[in-house]
K.L.:
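Dropping a structure here in structure tokens format, bear with me for questions.
Proteins get letters first, then strands, A, B, ... in listed order; numbering begins at 1 in each.
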Amino acid sequence: MDLNLFKDHEAASPEMWYTTEPGFGSRDFPDAPIFNFAIFKEICCCLFRILTILLILLAECTASAQGLLEIRMDGSEQDKRLVQFLQEFERKHAVQFFFLDEWLAPYTIEGSYQGQTLGDMLTDLLRESDLSVVTIHDRALAFVKDPTVEINRRQAIQVAARKDQAVETATVGNPDLFRPGKLVTLSGRLINEEDQTPITGATVVPNGHQGTTTDREGRYELRLPSGRHVLTFTFIGFKERTIDLTLYDGGSLNLIMQEAPTLLEEVVISSQSINELTMSRPGQLQLSVGAMKKQPALMGEADLVRQLQSLPGVNTVGEAAAGFNVRGGSIDQNLVLYDGLPLFNTSHALGFFSAFNSEAVQELSFYRGGIPAEYGGRVSSVLDIRSKSGDMEKWKVNGGIGLVSANLMVRGPIKKNKTTIAVGGRGTYANWYLDLLKNTYKDLSNSQVGFYDTEVRVDHLISEKSRLSFSYYRSYDKLRVRGDTSFQWVNQLASVRLDQIFSPRFNGSVLLGIGDYNYTVTDQVPAHGFDLNYKTTYPSLKADFSYTMGKHRLGFGIQSTYYGFQPGKLKPTSDISSVRNVSMDAQQALESGVYVSDSYPLTQKLNLDLGLRLSSFVNLGPATVNVYNPPSPVQKGNLVDSVKYGSGEAVASFGGLEPRAAIRYALNEQSSIKVSYHHIYQYLHLISNSAAVTPVDIWQPSNTFFKPQVSDQISLGYFRDFKQKTYEAYAEAFYKQINHVLDFKDGAQLILNDQLEADLLQGKGEAYGVETYISKSQGRLTWALSYTYSRSLRTIPGINGGETYASNFDQPHMLNLSWNYRFSKRWSFTGNFAYRTGRPVTVPSFGYTMDGYGAAYFSGRNQLRIPDYHRLDIAFVIEGSHKLKKPWTGSWIISFLNVYARRNAYSFFFVSDTPGQIKTYQLSIIGTIIPSVTYSFKF
Amino acid sequence: MMNKKSIAQLLILGFPLWLGCVDKVNLSLPSGKLPFIIEGFVSDQAGPDTVKISKAFPVDGNYYSRVGVDGANLTITDDAGNTDGLTGIGKGFYVTNTLVGTIGRTYTLRGTLPGGIGIESTAERMAPAGNLDSIYYEYTETENTNTGVLEPGFNVYVNSTFDPSSSLRIRWKFYGTYKLVTDPSLIQTPRPLACAERCQCCVCFASEFETTPIVSDTRTAGSTSINRTFIHFIPISNYTFNDRYRVEVTQMEISQPVYDFYFDLKRQIINAASLFQPPFFELNGNVRALNSGANVIGVFSAAALIKKYIYIKKSAVPFELVSEAIAGDCRSVVENSTTTVPPFWN
């Protein structure tokens, strides 16, 4: 006996379901929108199951429940359709089968099961399907289908309908291979329509529950039962796509994603700046450039690094400090990549502005835990920045004008759909502001500042499977302090990259590039004029590959960078200069890494991202290495000899294995637990003896005296979303330990110090904390609130008497609240409130005189804290009309930083303005409210 | 009456005037035992040489109210075995009796402080002072960091040469003297000054010293000469150039630990107001306590001295000083001035 239910045809509106065949239900059933047929059908299915159970309860069990299933096959079943076989079997053995014809119609018994039992055969046929059997005493068998997938699918349709989204249809696979409920693999790629680049981190959700995210190549993969599904593809800044998919068999579904304009009738827009926390890789945050650009910014200049500092676990030592600190790490422990090459300086003007033109940035991936094996060399975090490429179809211009800077980005096709170019630039005219600065702080008065950065990118599609890209970036800063000393520093990167798709499962990229970072300090007074130079040049070669093998998404690659350092060259600039030539020995080093990784869904709920990296570092000659009198400590007075190394000779070698792990376990469709671990070596160290990075800090490679820093970090977090991802929240704890962390002896000198090893000490760093976050990402009002408790401690013999002390960036309590309220399609109000515990400082305990000079006696390092930091910034965003065909789009951002004029202390300093007395003062960099206006345009 | 345009301009352009802020703070610092401070110097000049012992003071204290420590037993010994027991003369001052510093000799300070704390310095070798070839000055205008006003004045420089064997760890000291003339008769309230009669307090001699240690930079100095070393800025005013200004510079070569102390002290004083907030650090000195747990900070130095002086005349001032009488007792108008004519004033 078979039961034929009506075959339902879904359309955009569930109200349009109707019957086509007689059976369970009625042909006369009207197309009445007042009756939900889906629910009715589900009720019927439930009643059927209940009836089945009742039959079981009422039936007299006269034989073993397994009797029917123990009947052995005689071989005649081969090549028969399952439905036909069951009907014959019924007649032959006087048994009964209950099933829906459409469930079993596609099945054919393709092999011989002679000698095997009916149960064995059915188990084999229905493996990986959503069908199961229920025995009814020993004479009947009912086929039962799990309705979960169907229920979820219909809910997803309803959600799309509520959002007024069009539901597209698609078909994948060969209908002849259709086995309802059989688990098959659906894969594909998401491509940006504008420039044909892959979209990383996009979310692919089947039937509204538990999905996946795209990888670096924009690829995704899902294991789904054959049948009907609704897939939702989302990524920040792009139009969401909903696909009503008929999945016959495994196959691929590639999609082109379009950027999302603000449609005329649409008011509700998600302003979430972090994408899909619950499903993202542990430790990874995919950041939205668009959302960041709408936040309040200093002097109207969108600052991506400063927005990063508002994330949980990320902080900075102050408003005039370059870089950022992640989970208790110093700023040199962050790997910042621009189109694959590392950057050494991430800010302009001593940290007031970031070194990245927001108009030139396509995407930002930020890892602060479970760092993937493809990255190495920095122990705390990775910020991977990809630049925008040109538009394949038409020319586009983006720009902005603010009070102190302006930027412009021009992108378009050199040859349509073949070759594109993107050129951007940003520069400042901030000197008028400094000229007006009235400040008793003499280092800022009468100073001058200038900076610019420029980006060029050319992409050429060699074929559908090959893309060649050229990228160039230059960042320049000049700062003159007090009129006679000027600082100038330059970052330059250039690279060529080839992306190749070898097959649907195998692709790779090769990158060849070179970077350069240098600074110059110039004293312009002829009598003691000098130029002090520092330079590092680093050519790099990287090859990365990705291969999909079944459920495994494998990654592997190799990287190598050669560093050449010129740590300090001093030369007089006039004949009467009292300065003599000094040149520190050049240093060379080769850093390499090879890695493998595997992203593997162990079960539907458990996803593993495992990796192993082997890194190595060789410090190369020519070099002269000081020898100190053993066993005395390394001190200037203990120098007894030196050893020379020839060119290319290994002076010191380091390396080791770096295991990485990122595990996500989905508790259910709304929540997950994430665990991550990484073990990383860092071979380059930023040598700085100030709390805030200065223009003359240098990068030092590991050598005979400076061992690599080694970090182990583990994190554990619970992630959850509510009300269909309207709210997202998480709590994550971490612990990090860093060995061989560097710090200076008291009074150390770093410039032109040929015995730097005598002024540096290595010890242990430790950081731990808990980060909590909750956000609302839909509706007129969207917001995000985060609170972090964390500590960052150092224990270094020789500093602070060997006792543990707080690092310069130890700020136990950090709170951040940001919001965006849309009054209308064009007007919105955004803001940010930040609170942080004051950072530690070292202050004098006593004063004394020595030969008539007043001196201060300092006790323990970092024993006191500056006052707590808190600041409120707001901005009003006025967007231009969002008509789709409008040629010119502009927006105004009117922002007010430090609304209640909080005088947040940046530093303490001590002066003797009253003879004989030392008084303490605090310097606030931004001590009043700062209004600014920026106009951004696009055409 | 300001129109809208000018108000807008003021609002847009004027707000940066108030951006950065400097505010005084009162720190709550932990209290602790104040350390002993030891300052000792032996030169090749006619004695006596002096060792001073005092106590440190709380940060919000006043370093002019130095508390001398009496009752210490101190000796200075040279490498020839000669020992001079110092004599305490009160207020923490101890002077040598027979010791005359000699170039090439090595001297060590030892002793016992009140409370039984033993101290000992490093052995300090007295090196030649080199040649102080010239002292010269240049007119300049420098911004006063407290008032923001440009001040006219003279920058004083020196050129020096040394033997090739010199370590070039050089320290200079500045001693400025000028004649101060006031009119005490201008003071009538609350009552006329008694010293106004017969001009008993209308002519004084005031002294100035360098405010931060002046030391060479061995990283950038030449091989046998150090030129154009900035010594001091002399502001030009009716006070300093009523008559002329005497500049005396003393030059000496010092040992590594003493050089490190003064170099670091200079950095400490400069860095205390630095934007980049470098970490502060302890200054070590070259005198240590022999008892564990005792806290002593000290610098003992043995150095030959060479001195040179010049007078900067009033006529060197490139503009006419406004003749304006200075009211008051000249002894109090400028701190530490005296009516006694210095013996070197001619």
Side-chain angles (χ1 to χ4, degrees), chain A residues 320 433 436-444 527-528 530 570 578-580 582 689-692 694 744 746-747 752 842-858 861 864 903 907-911 913 915-928 930-931, chain B residues 13 15-27 29-30 32 34-35 37 39 41 54 56-66 143 145-146 148 209 211-213 219-223 226-228 264-265 267-269 272-283 297 299 335:
Chain A
Y433 153 68
L436 293 173
L437 194 65
K438 178 186 174 185
N439 199 318
T440 55
Y441 198 77
K442 61 182 179 184
D443 280 350
L444 287 179
H528 43 77
F530 67 86
L570 182 76
S578 59
V579 171
R580 63 185 171 94
V582 177
N689 64 349
S690 59
T694 74
F744 270 89
D746 287 348
L752 300 177
T842 305
V843 295
S845 304
F846 313 110
Y848 62 94
T849 58
M850 185 65 68
D851 201 10
Y853 310 115
Y857 176 81
F858 293 89
R861 186 173 288 195
L864 209 71
R903 293 183 172 185
S907 65
F908 284 164
F909 61 98
F910 311 94
V911 294
D913 52 7
Q917 278 194 310
I918 300 173
K919 289 185 183 171
T920 308
Y921 290 85
Q922 74 172 35
L923 169 70
S924 306
I925 299 297
I926 299 176
T928 186
I930 306 178
Chain B
L13 299 179
F15 74 84
L17 294 176
W18 304 283
L19 275 184
C21 299
V22 174
D23 301 291
K24 186 171 182 315
V25 293
N26 293 317
L27 297 179
L29 297 170
L34 296 171
I37 309 299
E39 310 167 60
F41 190 84
S54 61
F57 53 88
V59 169
D60 56 358
N62 189 321
Y63 60 70
Y64 284 159
S65 59
R66 153 183 185 280
E143 181 183 328
T145 56
N146 292 324
F209 304 93
T211 53
T212 60
R219 296 172 302 172
T220 60
S223 56
I226 302 175
N227 293 324
R228 203 179 166 80
D264 288 345
L265 175 58
R267 286 168 60 211
Q268 185 188 90
I269 294 170
S274 168
L275 173 66
F276 301 120
Q277 186 74 104
F280 298 111
F281 44 86
E282 288 183 44
L283 302 173
I297 301 171
V299 176
E335 210 167 341

K.L.:
Which distance, rounded to the nearest 0.5 Å, do you find between the CE of A:Met850 and the CD1 of B:Ile37?
P.N.:
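Between A:Met850 CE and B:Ile37 CD1, I get 5.5 Å after rounding to 0.5 Å.
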K.L.:
Please state whether the side chain, the backbone, both or neither of B:Pro35 comes within less than 4.5 Å of a heavy atom of chain A.
P.N.:
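When you check distances to chain A, only side chain atoms of B:Pro35 fall under 4.5 Å.
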K.L.:
Distance from B:Phe57 atom CZ to A:Tyr848 atom OH, nearest 0.5 Å?
P.N.:
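Output value for this atom pair is 10.0 Å.
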K.L.:
Can you give me the closest heavy-atom contact between A:Gly854 and B:Leu265, atom names plus distance?
P.N.:
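Looking at all heavy atoms of both residues, the closest pair is O-CD1, 4.1 Å.
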K.L.:
What is the minimum heavy-atom distance between B:Thr212 and A:Tyr853, and which atoms define it?
P.N.:
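Result for this residue pair: C-CE2, 3.7 Å.
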